[in-house]
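A short write-up of the structure that comes next.
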Amino acid sequence: MAFLQRLRAGLFALLCVVLAACSAPQLTASWRDPGYSGAPLGKVMVLGISQSDVDRRLFEDSFSAALREAGVDAQISYPLLPESGPIEQVRIRKALAKTGAEGVLVTRLINVEQRIEVTPGTGIGPMSQGFYGWYGTAWAALPPSIETYKVLTLESTLWDMQTGRVIWSGTSDTLEVSDIAKFSRELAKVLITRMRADRVL
C-alpha cells in the first residue's frame with residue numbers, strides 16, 4: 001500500500017511539473033506581413049484590451065517596461081486613453097499624434113479553454129488469488145485523480161500606423177493568470193524575441 005501511495009504521489013508531482021511548464025506563456029503561432037519592407041518600429045504604443053482596468057494598466061506597465069529594456073521606445077496608452085471599454089477612434093488618433101508612436105501593439109484575450117487531466121488509479125489483484133488477497137488489494141487500490149485547469153489564448157497584433165495595417169500577429173497560450181505583472185513581463189520576452197527575429201521591432 002505504501003508503494004501505491006508513493007506511485008500516485010509521483011504521478012501527481014509529474015503532473016504539477018507539466019502544468020508549471022505550461023504556465024509560462026508559449027507562442028503557438030505567428031505571422032509577419034510578407035509585404036512589409038519598412039524598418040523595424042522604434043516607437044510603439046502598448047494597448048491592452050481587458051474588462052478590468054487594473055489588469056490593463058498592469059499589463060501595459062509591465063509590457064512597456066520590457067520593451068524599453070529591449071531598446072524600444074514604448075508608450076503606455078492608459079494615461080491618454082483612460083476609458084473603460086471601447087475607445088473612440090478620434091481619441092486613439094489624438095493619443096498617437098501626441099506620442100508620435102510609429103506603431104500600436106494590441107493584446108487581447110480570445111479564448112478560455114477548460115481542460116481536465118486524469119491520473120490513472122491503481123488496479124486490484126485478480127479474484128483468482130482468493131477472497132482475502134483480493135480484499136486487501138481492493139483497499140490498497142487508488143482511484144483516478146482528476147485535475148481541472150484553464151488555458152488562456154491571447155492574440156497580440158503589431159500595427160504600422162503609417163499604413164494603418166497589421167504587420168505582425170502572434171497567438172500565445174498560458175494557464176490561468178494570477179500575477180498579471182509577472183505574466184506580462186514573461187509574455188513580453190517571448191513576443192519581443194520573435195518580433196526582433198521577424199525584424200518588425
Side-chain angles (χ1 to χ4, degrees), residues 22-111 152-201:
C22 295
S23 64
Q26 304 289 322
L27 184 64
T28 57
S30 66
W31 171 87
R32 181 194 189 279
D33 179 6
Y36 180 70
S37 58
L41 302 184
K43 191 168 188 177
V44 175
M45 175 182 283
V46 176
L47 176 60
I49 295 180
S50 174
Q51 298 293 332
S52 167
D53 291 340
V54 173
D55 288 352
R56 174 193 169 191
R57 292 172 183 176
L58 287 171
F59 171 80
E60 291 186 7
D61 283 337
S62 300
F63 205 108
S64 297
L67 282 168
R68 288 191 288 270
E69 290 173 3
V72 178
D73 185 355
Q75 308 290 315
I76 52 180
S77 72
Y78 68 80
L80 297 174
L81 302 169
E83 295 95 325
S84 298
I87 303 171
E88 294 181 0
Q89 291 184 17
V90 65
R91 296 272 295 128
I92 298 176
R93 289 179 185 275
K94 289 181 179 179
L96 287 169
K98 187 171 184 176
T99 62
E102 301 168 337
V104 180
L105 180 66
V106 183
T107 296
R108 65 190 183 103
L109 178 67
I110 61 173
N111 189 50
L152 313 183
T153 300
L154 298 102
E155 177 190 69
S156 300
T157 51
L158 180 62
W159 297 79
D160 175 17
M161 298 316 297
Q162 184 175 358
T163 62
R165 299 176 65 87
V166 61
I167 59 174
W168 189 91
S169 177
T171 54
S172 52
D173 285 350
T174 187
L175 294 187
E176 191 169 12
V177 177
S178 58
D179 187 334
I180 298 295
K182 179 182 177 182
F183 162 76
S184 301
R185 290 191 297 269
E186 292 175 344
L187 178 64
K189 291 178 181 178
V190 173
L191 298 188
I192 291 170
T193 297
R194 188 53 180 264
M195 287 188 284
R196 275 282 167 83
D198 288 339
R199 298 188 58 79
V200 292
L201 276 186

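We number each residue from 1, following the sequence as shown. Hydrogens, waters and symmetry mates are skipped; everything else that's a heavy atom, side chains included, is used. A quick note: this is a predicted structure, and the numbers were derived from the prediction, not measured.
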Worksheet item: Okay, side chain of Thr99, backbone of Leu96: is any donor-acceptor separation there less than 3.5 Å?
Response: yes

Worksheet item: Taking the side chain from Arg196 and the backbone from Ala70, do they hold a donor-acceptor pair closer than 3.5 Å?
Response: yes

Worksheet entry | Side-chain donor/acceptor of Ser184 to backbone N/O of Phe63, under 3.5 Å | no

Response to the item:
Between Ile180 and Phe59 the two heavy atoms that sit nearest each other are CG2-N, 4.0 Å

Worksheet item: Does NZ belonging to Lys43 count more than 12 external heavy atoms closer than 6.0 Å?
Response: yes

Discussion item. Rounded at 0.5 Å granularity, tell me how far CD in Glu60 sits from OG in Ser50.
Written reply: 10.0 Å

Item to complete: Measure across Pro82 and Arg91 and return the closest heavy-atom pair with its distance rounded to 0.1 Å.
Response: CD-NH2, 3.8 Å

Worksheet entry | Rounded distance [0.5 Å steps], CG in Asn111 versus CG in Leu152 | 9.0 Å

Worksheet item: At their closest point, which heavy atom of Ser64 faces which heavy atom of Ile76, and how far apart are they?
Response: OG-CG2, 3.1 Å

Discussion item. Please tell me whether Asp53 and Tyr78 have a donor and an acceptor in their side chains that are separated by less than 3.5 angstrom.
Written reply: no

Worksheet item: If you measure only the distance, is there a donor-acceptor pair under 3.5 Å linking the side chains of Arg56 and Ser84?
Response: no

Worksheet entry | Neighbour count >12 (heavy atoms, 6.0 Å) for atom CD, Glu88 | no

Discussion item. If we check side chain to side chain donor-acceptor pair (under 3.5 Å) with Trp168, which of these qualifies: Asp198, Asp160, Thr157?
Written reply: Asp198

Practice prompt. For the residue pair Leu158 and Leu41, establish whether any side-chain heavy-atom pair is separated by less than 4.5 Å.
Written response: yes

Discussion item. Check whether Arg68 reaches the backbone of Gln75 with its side chain - one donor and one acceptor, N or O, closer than 3.5 Å.
Written reply: no

